[in-house]
Each structure stands twice: as structure tokens, then as C-alpha cells.
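The next block holds one structure in the form of C-alpha cells; read it before the comments.
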Amino acid sequence: MTADHQQADAAAGTNQAARGVRRRTLFKTAGAAGVTAALTAGGFGAGRLSAAQDIDEKLSLIGSDIVDFYGARQAGVGTSPQAHACFIGLNLKPDTDAKGLTRMLQLLTDDAARLSTGTPPLADPEPELALRPARLTVTFGFGRKVMDLLNPQLTPEWLKPLPKYGIDKLQKRYTGGDLLLQICADDPLTVAHARRMLLKDSRYYTTMAWIQHGFRNARGSYPEKTTMRNLFGQVDGSANPDRGSENFDYLVYGEGELGHIPAGMDAEKGGHLKPWFPNATSLVLRRIEMNLDTWDELDRPAREMSVGRTLDTGAPITGGGEFDEPDFEKINPHGFPAIPDISHMRRSRSDNPDEQIFRRAYNYEDVPDAVWEGEADEDTAVSNAGLLFASYQADVEKQYMPIQQRLADLDHLNIWTTPIGSAVFVIPPGADEGEYVGQKLVEHT
Ligand code: HEM
């Protein structure tokens, strides 16, 4: 494990020793006041509670792992990605004013903080489902309407829908939204319970715009820090800034400056990012359909050329290991660039080092539409799959948009991929204990 990774894990609150202390504290303090009350209210006796406690002694269980909810930055961005994610887009009801919004944010913050420590929220009808946080994080994102109610002066210029790109086939059921709840955990039941509790407490103020579920490998299938694979079988996320590194702070939060400059980039062109608010960032969520049936028709070398990386290790096709820099100057025996100019890696990399993003994507796999419509036959695609492409950056306009424009203009992967959903949110700073998420924006003068 590198120093960066250790730092990132410590920041994410997954440090073993700290976790042990927190769990013990939780069951001594919240155990009496919160868990017991909730279990008793739910009709369960002390016997069941001590069984839960016994299980809890086995700290090796990943269900017991806690990520701190409170802190300068919201959890769920720099947190080592959990196995399961649910992204929820909500729209404010027309009569939800600033007061109602604040009330809801208070409620949801309280719910999220409790759930993240394995404590049932108030009035939880199924408190047993809350006892395994499994590194649960709930990350709040705000759209323009929410920002306008909280503190319009802070609203960044780029907080609006992305321009319409030629490759887009956006569907309303995956697009827009005033408020985002990003729920991630290593246990799908934890995600489901958190989703239900948060939606119950938001329904008076909002309506659901969309809900999208995603997954990665189950925790423990691969060593921690293994880069994820998408459903094309590609290693996806290798060129990401390292969580906890100087580059991460600069590119995701606009703080400090770049340390490492990747191959083909010119340090002189960068250095223009600033935080839109301290410890705040942004999320662009794109739902991108991946056509597995036509992808299946490609042979392995063609698949590797489409990105410029090998399928087995994710290393650049010009040689080295996964994290070695590609050699964009290398010419193949036929006299062409070894990494094709139209490859996804070549097209997504700019010479401006500010044009980098932090990707924390999840796979999705749904029922093919023809099945829902009762029209499935032997020609029906067996898959309806893709990526919930979640990109975090300090500035959507300076970082995300130029990359997306280049890819929309030309990217070999476009043959097999289609964006069908799109949403942009600011991710406000975290809350300190006793505060609600968004309070720092409201109180800023
Ligand atoms: C389904 C759609 C997509 C797939 C399957 C995909 C897949 C990949 C893969 C396999 C890599 C190489 C390994 C890595 O560094 O992660 C990569 C790199 C990258 N992708 Fe994508 N990607 C998709 C969409 C996008 C979109 C929409 C963007 C941004 C608008 C994007 C931006 C990038 C960037 C910036 C890199 C790193 C390039 C570098 O500097 O080496 N990708 N992608």
C-alpha cells in the first residue's frame, strides 16, 4: 500500500484501529440511546440486540466498516469506491421554499450521519437493516434550483445542463434533477435501506426524477486498490489522479497545485483551477449505454486499439505496466502511431494538465427494453448494460467539457457507446457535527 493510499484510507475513516474504537463507542453510547430504543420500538427484545453485538465483535466483517460522515469534505468522493451505488435525482416540489429545503437537509443529514455509523435513523421501521453500515456514504449534490434557494451568489456559472453533444441520445428518465443523493456501500441491503429512509424523509419536499443503480466487484473479490473493470472487460480508471495525492486535491477541489504532470501535457498550460467554495467539488453523472452485442464482434487486438490499452493488465499498448505512461510518439511496424489518434485514451488526454477529471464509475446491467415491452425474441439483445460515468472535478467548464467535446467529436469507442442520461451537480463541502450539509453555503456572506 502506498503512502497516498494509506492517507486516503485514513481520511476516509477506514483505519482499522479507529474503526474499532468508533464501533465500541457506538454500541456503548448510541447503543443505549439509539439502537436499543429503536429495536425496542420495533418490537425486539434485548436478546436480539446482544446477538447483534456479538456479531459486531468480529471486526473483520466488512459490514462493520465505517466511513466518517462528518468532515470538511463530504465522503463518497475520495472514499475508496464501495461495491454498490445508488444515485438518486430529486426535483423540488414547486412549494418547497428555502425554509422547507433547509428543514429537509437537516433531516437527511441526520439520517445519513446515523446510518453511516450503523445507527437506525429516527422512526426507522426496520432498525435491524441499519446495523451494518458496510462503509455507507451518502453524498449530497445540489442543482441550480437548490443553490438559488440556499445562496445564489455562490452558484458557479457552469452549474447547468451540459451542452447537447452530437453523440447524445438523452432520456428524460436519466437526466437533470435539483438534488442528488449518492448512496454507496459494500452491502446492497444497506444501500436499499438507506435509499428508503432518505426517500421517506424527502418525499414531502421533493419528487423523484430518477434512480440509477450501479455495481463493481464485491469487496474482497480482488485486493483493495485494484482498478475496476467495466462490462467491456476493460481496466477502467488507471489514469485517475491518486486519491489523497496533490493532483487529487488540485483537480477535484481546486486546492494547491499539480505535482505529477502526465505524459504529453504541458505544465505551463495549467494552474488555473480554483475552488468554487472550499472543500467543494462537482459531479457530472452520465449514463452511457455500452453495446455488448456489437462489441462482442471485435477481436481482441481491435478492442485494445480502441482505447490504447491492453485488456489483461490495462497497460498502454506501447508497453510497461498499468500505471506506466503511454508512448504517444511510438510508431508501429506499418508506419502508424502505435496508439491510434482516434483511440479513447489519445482523444481524452489533452496537453493542458487542468483538463483532467476524477472518475468513480459504476457498471449497470438492466433488463433489455424489449423484455419489459413483452416483445423479446431470439434477436433481442441479451444485455442492457453500461456505465454510470461519475466524474468529479473542481470546475466542470474548464475540466469536463473540453474532454467531453473532444470525445463527442471523435472517439473510436463512440461506435459502441451512447450517452443516454446526463446531470450536473455541485458537491458542497461536508458538514461538521451539529451542522447540516449545505449550512456552510447558507452562512457564507
Ligand atoms: C462507456 C463509456 C466509457 C468507457 C467504456 C471508457 C473507458 C475507458 C478506459 C478503458 C480507459 C483507459 C484506462 C483508464 O485510464 O481509465 C479510459 C480512460 C479515460 N477516459 Fe474513458 N470511458 C468512457 C467514457 C468516458 C467519458 C464520457 C469521459 C469524459 C468525458 C472519459 C474520460 C476518460 C479519461 C480522461 C481517461 C484517461 C485518459 C488518460 O489520460 O490516459 N471516458 N476510459
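Counting starts at 1 for both ligands and their atoms, in listed order.
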Requested in this report: Say whether, by atom type as modelled, one donor and one acceptor occur between the side chain of Lys145 and the main chain of Gly177 under 3.5 angstrom.
Outcome: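 Side chain of Lys145 to backbone of Gly177: no pair is present.
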
Query raised in the report: Are the side chain of Asn247 and the backbone of Gly259 linked by a donor-acceptor contact shorter than 3.5 Å?
Result: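 Flag set: sc Asn247 to bb Gly259 pair under 3.5 Å.
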
By number and element, which atoms of ligand 1 are closer than 4.0 Å to a non-hydrogen atom of [X]?
X: Tyr400; result: 27 (C), 30 (C)
X: Leu407; result: 26 (C), 28 (C), 29 (C), 30 (C), 31 (C)
X: Gln404; result: 27 (C), 30 (C)
X: Ile288; result: 1 (C), 2 (C), 27 (C)
X: Met290; result: 1 (C)
X: Val235; result: 10 (C), 13 (C)
X: Gln234; result: 5 (C), 7 (C), 10 (C)

With a 4.0 Å cut-off on heavy atoms, is [X] touching ligand 1?
X: Arg286; value: no
X: Pro262; value: no
X: Gln356; value: no

Query raised in the report: Going by the angle between their ring planes, with limits at 30° and 60°, are Phe140 and Phe69 parallel, tilted or perpendicular?
Result: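 Perpendicular, since the angle between the ring planes exceeds 60°.
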
Report task. Mind listing the closest non-hydrogen atom pair of Ala134 and Thr190 along with its distance? Result ->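 Shortest heavy-atom contact: CB-OG1, 4.2 Å.
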
Report task. Please report the shortest heavy-atom distance between Tyr364 and Leu231, naming the atom on each side. Result ->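 Smallest interatomic distance, heavy atoms only, reads O-CD1, 3.3 Å.
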
What residue and atom, counting heavy atoms only, is the protein's closest point to [atom], and at what distance?
atom: atom 20 (N) of ligand 1; value: His344 NE2, 3.0 Å
atom: atom 15 (O) of ligand 1; value: Ala239 N, 2.9 Å
atom: atom 3 (C) of ligand 1; value: Leu387 CD1, 3.9 Å
atom: atom 16 (O) of ligand 1; value: Gly237 N, 2.5 Å
atom: atom 12 (C) of ligand 1; value: Arg309 CD, 3.5 Å
atom: atom 35 (C) of ligand 1; value: Ser348 CB, 3.8 Å

Best match, [options]: closest heavy atom to [atom]:
atom: atom 18 (C) of ligand 1; options: Met345, Arg346, Arg359; value: Arg359
atom: atom 41 (O) of ligand 1; options: Arg349, Arg303, Arg406; value: Arg349
atom: atom 29 (C) of ligand 1; options: Trp416, Tyr165, Phe389; value: Phe389

When only distance counts, is [X] in polar contact with ligand 1, meaning an N/O pair under 3.5 Å?
X: Asn230; result: no
X: Ser238; result: yes
X: Leu413; result: no

Query raised in the report: Side chains of His444 and Asn151: does their closest heavy-atom pair fall under 4.5 Å?
Result: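 His444 vs Asn151: side chains touch.
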
Query raised in the report: How about Tyr400 and Ser282: do any of their side-chain heavy atoms sit closer than 4.5 Å?
Result: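 Answer no - side chains too far apart.
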
Quick check on [X]: does its [atom1] atom have over 12 non-hydrogen neighbours (other residues, nucleotides or ligands) under 6.0 Å away?
X: Lys172; atom1: NZ; result: no
X: Gln171; atom1: CD; result: yes
X: Glu373; atom1: CD; result: yes
X: Phe323; atom1: CZ; result: yes

Have [X] and [Y] got a donor and an acceptor in their side chains that come within less than 3.5 Å?
X: Asp110; Y: Tyr436; answer: no
X: Asn352; Y: Ser350; answer: no
X: Gln405; Y: Asp409; answer: yes

Requested in this report: Answer with side chain, backbone, both or neither: which part of Val307 has a heavy atom less than 4.0 angstrom from an atom of ligand 1?
Outcome: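 The part of Val307 near ligand 1 is the side chain, not the backbone.
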
